Every structure is written in C-alpha cells, then in structure tokens.
Amino acid sequence: MALNEEDTKLSQLEFACSDLKTMLQTSSQMEESLGQMDKKFDLLDRTLSTASRRLSPLQSLAMATKALDTRINRAVTPAFALLESFKVSDSLQLKLLELSSILSSETTPKKRLKKLLNYVDCVNQLNAAINSISQEGEPVIQKLQEVVEFLSRTKATDQDRTHRLRETLFTLKALYENEVDAMKFDGLLDEALLNLQDEYESILQLLRHQNIGDQVQVDDKEAEIVASDLGTELEVEVLQRISETLAANDCLDICIDIYVKVRYRRAAKALMRLNPDYLRTYKPEEIDAMEWETLETAISLWIQHLELAVKTLLVSEKKLCNQVLGNIMDGVVWPQCFVKIADKIMAVFFRFGEGVARSSKEPHKLFKLLDMFDSLEKLRPEFSDTFEGEAGADICTRFRELTKLLVHGSSKVFWEFGLQIEGNSYSCPPPQDGSVPKLVRYAINYLKYLTTDAYKARMAMVLWTEQMWKVGILSKPETDKNLLQDAVTNVMDALHRNIETKRLSYRDKILPHVFAMNTYWYIYIRTRNTELGKLLGDQYMKNKYKVVAEESAYMYQKQSWGQLVKLLDKEDLKRQSKEGLGSLARAKMEAFLKGFDEISRRHRGSYRIPDMDLREQIKESTIKLVVPVYTEFLNTFSAVLRGKLYVNPYQLQGLLGQIFDGSDAKLKRRDSKDRMAGGNSVSVEGEIMDFRRSRSISSNV
C-alpha cells in the first residue's frame with residue numbers, strides 16, 4: 001500500500017514538471033512577440049511625431065484664419081444691421097409723408113383722430129429707428145475702424161478685402177455723420193413733431209367747459225355742483241399719446257408750455273362767461289370807494305364763482321391734466337402743470353378776497369365777511385383734495401392766509417362796532433324829541449341779525465378761531481356760545497353806556513325819562529323772544545332794560561302829569577273860608593288848565609313816544625291818573641266854579657287821547673251850563689295803573 005502511494009505522487013510530479021516546461025516555452029514566445037510589438041510602436045510614434053511637426057504650421061494658420069474671420073464678422077454684422085436701420089428709417093419717412101397727406105385731407109373729427117393715432121405711432125417708430133442709429137452708429141463704426149486698422153497693420157488678408165472694408169468704413173462714417181443729425185433735427189421727424197404740436201394745441205382748444213354758467217344757482221343754494229369731463233375718450237387718448245411722443249423727443253418743455261397756455265385760456269374764458277368784472281377791483285382803497293350795494297353784489301358773486309371754480313372748473317382741469325400728462329416721468333409732471341393753470345385763476349379770487357378783508361372795517365361789512373369765511377370753510381375739504389401734495393402747497397398756504405385775514409377782519413369789525421358805539425356817546429346829540437336814536441335801532445337790528453341761525457355759528461367760529469390763534473392749541477378756550485355771548489354783551493354794555501351818556505345831556509327835566517323809556521323799552525321788546533334775547537338771557541334783559549324802562553315811565557308820569565295833578569290838591573282848600581274858597585279853586589283850575597296846555601304843547605313839539613303799544617299804555621295810565629282827580633275836583637267845587645268856562649271830564653279825556661295820538665289838543669272853554677250838564681254826571685273810578693306791556697310788536701324798524 002505504501003509503494004502504490006509513492007508511485008502515484010511520482011506520477012503527479014512528473015506531470016507538473018511537464019506543465020512547467022510548457023509554460024516556460026509559451027512565455028518565451030510571448031516575450032519575443034512583445035519585443036516585436038515594441039519595435040512597431042516605436043516606429044509608429046516616430047511617424048506621428050514627424051506628421052505632427054509637419055501639420056503644426058497648418059493648424060496655427062487655420063486658427064488664425066478663424067479668429068480673423070470672427071473679428072471681421074463682429075464688425076461687419078452690426079454694420080449690416082446699421083444699414084438695415086437706415087433702410088427702415090427711409091421706409092418710415094415715406095410712410096409718414098403718406099399719413100400726413102391722408103391726415104390733412106380728412107375732415108371727419110372722429111376719423112381724423114384715429115388717423116392721428118396712426119400718425120403718432122409712425123412718428124414713434126421713426127424716432128425709435130433714428131435713436132437706434134444714433135446709439136449704435138458710433139460703436140459700429142469704431143469696431144469697423146479697428147478691424148480695418150488691424151488688417152492694414154498685420155496684412156492678415158488680401159489687399160482687395162482690406163480695401164473694400166476701408167471703403168465701407170468711409171461710406172458708413174460719412175452717412176452717419178451727415179444723416180443722423182439731419183434726421184433728428186432737420187428732417188421729417190422734426191417736421192412731424194411740429195405738426196404734432198399744432199395738433200396738440202388745436203385739440204386742447206376744442207375741449208371746453210360746457211354750460212358752466214348754468215351751475216350758478218341763485219335761488220337754490222343747496223343745489224349740488226358737479227364737475228364734468230373734458231373731452232371724449234378718443235380725444236384724451238390722442239392727447240396722451242402726443243404728450244408722451246413729444247416728451248420722448250426732448251419736447252417736454254414745449255408740451256408743458258402749450259398745455260398750460262391753452263388750458264389756462266380755456267378755463268379763464270369759461271369763467272369770463274360769468275361776467276366777473278368785479279375782480280378787476282381788488283385794492284383796499286378801491287374797494288372802500290365802491291358803493292355798498294355794488295360791493296355786496298360783488299362779494300356774493302365772488303362766493304358763487306369761487307365755489308364753481310373749485311368744485312367744477314378746476315376739478316375738471318385736474319382730471320384732464322392727470323389723464324393727458326399722468327404717464328410722463330412717473331406722474332411727477334402733471335401736478336405741477338395743473339397748479340400752474342390753477343394758480344393764475346385762484347390768484348384773482350385770492351386778490352379780491354384779500355382786498356375786501358383788508359378794506360376799512362365798517363360794521364355793515366361784517367355779514368359779508370362772515371359769508372366769505374363760511375364759504376371758505378365749506379370749500380376746505382374740496383380745496384385740500386384739489387390741491388393736495390407738494391405742488392399745491394403754495395395755493396393752500398394762500399388759502400389759509402385768506403382765511404386768517406377774514407377771521408381777523410370779521411372780529412375786528414365787530415370789536416370796532418362796540419368802540420364806534422362808545423365814540424358816538426359825545427359826538428352825536430340825543431334826539432330832541434326823546435325818541436329812539438337811529439344808532440340804537442341799527443345796533444339792535446344788527447345784533448339780532450348776527451344772532452340768527454345764518455350767522456350765529458359763523459361769528460362764534462370766528463371768535464373761537466381767533467382765540468385759539470392767540471392762546472395756542474394746547475390751551476382750553478371758552479366754548480363758542482360763551483365767546484359769542486361775551487362779545488354781544490360787551491356791545492350791549494357799550495350801547496347802554498351810550499344811552500346813559502345821552503340821557504344825561506338833556507337840559508329838560510322830562511325828556512331824559514321819555515328818552516330812556518322809549519329806548520330801553522324798544523331794546524327789550526325788539527330782543528324779547530329772539531335769538532339775541534335767548535343768548536343774553538331773559539333775566540339779563542329784564543333787569544337791564546325792562547325794569548329801567550318802567551322806572552323811566554314812572555318818572556315821566558311823575559315829572560309831567562304828576563306835577564299837574566298836584567295843582568288840584570284839596571288839602572289847602574279845606575282851611576279856606578267860603579269867599580276865599582271860590583277864588584282859590586278857580587286859581588287852581590286856571591293853573592291846571594294852563595299847565596295842561598303847556599304839557600300838551602311840549603308833547604306836540606318835544607316829547608314823542610313812537611312805539612304804539614307803549615304810547616297806548618302811557619295814554620291809559622295818564623288818563624287814569626289825571627281824569628279822576630280832575631273829575632273829583634270839578635264835582636267837589638262845582639258850586640264855586642259856576643260862571644266860568646271849563647272842559648268837562650269827557651272832553652279832557654279826549655284831549656289826553658289826542659295828545660298821545662299826535663293830534664292838536666287844545667282846551668276850549670265852554671259855558672257853565674254845558675259844563676254843569678255833563679260835569680255832575682261824570683264819575684271816573686281808578687288809580688294809576690302799573691306800567692306793563694300787554695302785547696308785543698314783532699315788526700322791526
């Protein structure tokens with residue numbers, strides 16, 4: 001078994017040795033093959049190196065040729081594009097001439113506007129082509145010139161090609177230098193822009209404010225004032241396109257000048273249809289020289305026309321300006337253009353208003369100044385909207401300045417009214433008949449009108465505004481009502497002092513009481529149950545005027561009729577004998593009748609009670625004071641008064657009525673029979689009635 005195993009291992013070793021020999025022989029053969037392949041690769045490498053050395057100059061030449069070709073193409077291709085732009089420009093100019101001819105022959109407004117849009121489009125295209133030539137020309141010529149200089153210097157191409165490029169350069173350069181400026185400033189584009197300016201102006205002229213005078217409502221003050229559009233959509237579109245075209249062609253200043261000039265004239269002509277001739281008078285001294293009725297009418301028209309201008313005319317102009325010029329320079333231009341138009345118009349209104357506010361401070365101007373102030377306050381929201389922004393700042397400032405002038409002017413007129421009443425105390429004598437002075441009538445009616453619903457709030461607002469300006473916004477001023485009440489009370493106090501001063505200037509003892517009675521009663525009655533009375537307070541009016549009027553009436557009766565009645569006093573007659581009784585009774589009666597005639601004469605010439613109701617009450621009170629005493633005296637001493645002519649009580653009562661009714665009352669003597677026939681039957685009861693008012697008179701003097 002061991003032997004067999006060894007034989008097997010020996011056989012395996014022999015086989016392995018045989019395989020190794022075979023592998024060695026194969027490796028030797030492969031080595032020989034690899035050696036032969038190395039020789040072939042070396043030969044191929046030497047061949048490629050030789051070919052590479054031979055082809056290198058040709059490769060460099062090809063690359064240089066390609067680079068040169070690219071450089072030439074980069075210069076020549078834009079040159080061809082520039083020449084193409086010249087061709088486009090020529091075709092557009094021919095088209096522009098054709099459109100211009102068509103436009104000039106068209107008469108229908110709407111069709112003409114549409115053709116004008118085509119004309120504007122052609123102008124824009126021509127401008128774009130010329131701008132393209134202008135912007136690209138110099139770089140193209142510069143590149144072409146660099147290529148020609150390079151080829152001339154390096155001689156990288158043949159001379160013919162270089163020569164052709166040089167000629168092309170000279171031709172293109174000459175064309176650019178000679179034609180571009182001509183196309184921009186002296187050619188059809190310039191002529192077209194001039195035509196557009198004319199068309200622009202003519203279309204702006206056609207846009208008119210229609211029926212602006214119909215907006216002025218004389219009777220219906222609450223009628224709404226509405227602005228109207230200017231121009232159709234097509235007209236506005238054409239104007240907008242022309243504006244943009246002119247702005248794009250360095251004609252913005254011309255465009256703005258045309259717009260402002262034409263639209264201002266149109267707006268001014270629209271206002272001139274309202275006949276505002278009053279605006280020509282604006283200096284304070286000229287306004288002072290005007291008749292009051294004329295000035296009053298002028299101010300009323302100023303209020304109406306200013307409202308119309310702000311709410312309709314300028315709103316329409318602002319809208320048109322925004323539509324036409326709103327797209328230029330991102331909307332910066334149009335507000336300034338609108339303000340240029342509005343400033344000229346508003347300056348005329350401001351000038352007149354300032355002249356009125358600075359004119360003399362006469363009392364009757366107060367109500368018109370308040371009307372002007374109220375109109376500005378009502379216009380403030382629309383005014384702020386119309387002139388918003390930085391462009392309208394100057395106009396808004398002048399608006400505020402005019403408001404300040406009206407506030408100061410109104411308050412000064414009112415304060416000076418009180419001072420004028422004070423100054424009148426010594427300069428003008430009181431009425432010689434004791435009637436109510438014209439100044440009192442004027443002042444009361446003036447204050448009554450001021451405290452009506454139409455002016456009370458306005459005057460209070462003026463006083464409050466002026467106080468706010470004086471004391472500052474952070475302070476706490478009085479309420480509008482208190483300010484107005486204090487102001488009116490000051491005027492009433494000045495009027496009271498005026499009356500008292502005049503009252504003391506009478507030399508007659510009775511006239512001061514007649515004057516005070518008439519005047520204070522007039523003030524009380526005319527202010528009772530009115531807004532003026534409510535503002536001052538019922539208690540104030542009673543204590544200040546009614547009580548004083550009643551006291552004056554009492555003093556009037558005491559000084560005049562009371563003294564007359566004392567003549568018929570019977571106390572001293574009781575101590576007389578029968579002989580002396582008749583003589584003294586007749587003397588008393590004669591003195592009474594003489595005094596009666598004297599008082600009657602004074603009432604006819606010196607004493608006057610114009611208020612009918614007051615006069616009636618005084619008459620009744622006087623009759624009750626005089627007639628009973630006269631009747632009793634006559635009845636008591638009828639026996640000793642026989643044979644003399646005396647009026648009976650009924651006649652005396654009639655005479656008293658005539659005195660107060662304004663008739664000529666004179667005592668006429670009657671015989672004793674007539675006297676006694678009526679005398680014994682007369683018995684009048686009564687006493688002096690209290691002086692009180694039974695009814696009011698609402699009519700104004």
Side-chain angles (χ1 to χ4, degrees), residues 209 212-225 227 264 267-317 341-384 386-387 395-413 449 454-455 458-459 461-462:
H209 295 270
I212 191 171
D214 297 341
Q215 296 278 0
V216 181
Q217 302 289 337
V218 178
D219 297 327
D220 188 6
K221 295 184 179 179
E222 300 298 326
E224 184 178 2
I225 298 178
Y264 167 69
K269 285 185 178 180
L271 289 176
M272 288 303 294
R273 294 204 295 269
L274 303 175
N275 298 321
D277 294 335
Y278 63 91
L279 293 175
R280 302 179 187 276
T281 305
Y282 56 87
K283 294 181 179 179
E285 56 272 17
E286 294 176 344
I287 290 176
D288 289 336
M290 293 175 65
E291 294 290 336
W292 170 241
E293 291 78 8
T294 305
L295 179 58
E296 189 177 23
T297 303
I299 294 174
S300 299
L301 291 175
W302 180 86
I303 293 172
Q304 292 180 0
H305 295 170
L306 178 62
E307 181 182 13
L308 190 65
V310 173
K311 289 187 176 181
T312 62
L313 187 137
L314 293 180
V315 171
S316 299
E317 289 292 343
I341 298 169
D343 183 61
K344 296 180 180 180
I345 295 173
M346 293 305 302
V348 179
F349 285 103
F350 287 147
R351 189 174 61 183
F352 178 83
E354 291 164 357
V356 173
R358 290 191 174 102
S359 62
S360 60
K361 303 301 182 286
E362 299 173 357
H364 56 269
K365 289 183 180 178
L366 174 62
F367 302 102
K368 281 303 174 182
L369 290 174
L370 292 175
D371 288 342
M372 295 171 70
F373 170 75
D374 184 62
S375 69
L376 293 187
E377 286 298 305
K378 291 179 179 178
L379 279 178
R380 187 180 297 276
E382 290 85 355
F383 201 91
S384 299
T386 304
F387 299 103
I395 294 181
C396 289
T397 299
R398 197 164 180 185
F399 181 88
R400 289 191 295 271
E401 291 299 324
L402 177 57
T403 303
K404 289 181 180 179
L405 284 175
L406 291 173
V407 168
H408 291 315
S410 300
S411 59
K412 189 173 182 179
V413 166
Y449 193 51
Y455 291 101
R458 300 178 190 178
M459 190 67 217
M461 184 64 179
V462 164

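These numbers come from a predicted model, not from an experiment.
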Separation of [Y] [atom2] from [X] [atom1] (nearest 0.5 Å):
X: H408; Y: R358; atom1: NE2; atom2: CZ; answer: 11.0 Å
X: E362; Y: H364; atom1: CD; atom2: NE2; answer: 4.0 Å
X: H305; Y: F352; atom1: NE2; atom2: CZ; answer: 11.0 Å
X: S375; Y: I303; atom1: OG; atom2: CD1; answer: 4.5 Å
X: L402; Y: L406; atom1: CG; atom2: CG; answer: 4.5 Å
X: M459; Y: F367; atom1: CE; atom2: CZ; answer: 9.5 Å

Heavy-atom pair of closest approach, residues [X] and [Y]:
X: D288; Y: S359; value: OD1-CB, 3.2 Å
X: H209; Y: S316; value: CE1-CB, 3.9 Å
X: T386; Y: V310; value: OG1-O, 4.1 Å
X: I345; Y: A267; value: CD1-CB, 3.4 Å
X: A357; Y: L405; value: CB-CB, 3.7 Å

- Item | R398/E354 salt bridge by N-O under 4.0 Å criterion |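 R398 and E354: salt-bridged.
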- Task: Under the side-chain hydrogen bond (donor to acceptor under 3.5 Å, both in side chains) rule, what do T397 and R400 come out as? Steps first, then yes or no, please.
- Result: CA-CA 5 Å; T397 299; R400 289 191 295 271; 3.2 Å; yes
Side-chain touch [X]/[Y], heavy atoms, less than 4.5 angstrom:
X: D343; Y: I395; answer: yes
X: L314; Y: F387; answer: yes
X: L370; Y: M461; answer: no
X: L295; Y: K365; answer: yes
X: L271; Y: V348; answer: no
X: L379; Y: K311; answer: yes
X: F350; Y: M346; answer: yes

- Task: Take V356 and L369 through the test side chain to side chain contact (heavy atoms under 4.5 Å, CB included) and record every step on the way to the result.
- Result: CA-CA 8 Å; V356 173; L369 290 174; 3.8 Å; yes
- Task: Sequence neighbours left out, what passes salt bridge (charged side-chain N to carboxylate O under 4.0 Å, His left out) with R380? Give chain and number order.
- Result: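 Once residues adjacent in sequence are excluded, the partners of R380 under the salt bridge (charged side-chain N to carboxylate O under 4.0 Å, His left out) criterion are E377.
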- Return each pair, listed once, that meets side chain to side chain donor-acceptor pair (under 3.5 Å) where at least one residue sits in residues 290-303; pairs must be two or more places apart or across chains.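 As it turns out, the side chain to side chain donor-acceptor pair (under 3.5 Å) pairs with a partner in residues 290-303, which skip direct neighbours, are S300-K368.
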- Task: Evaluate the side chain to side chain contact (heavy atoms under 4.5 Å, CB included) criterion for residues L306 and L376: first the C-alpha distance (whole Å), next the side-chain angles of each, then the deciding distance (0.1 Å), finally the verdict.
- Result: CA-CA 9 Å; L306 178 62; L376 293 187; 3.7 Å; yes
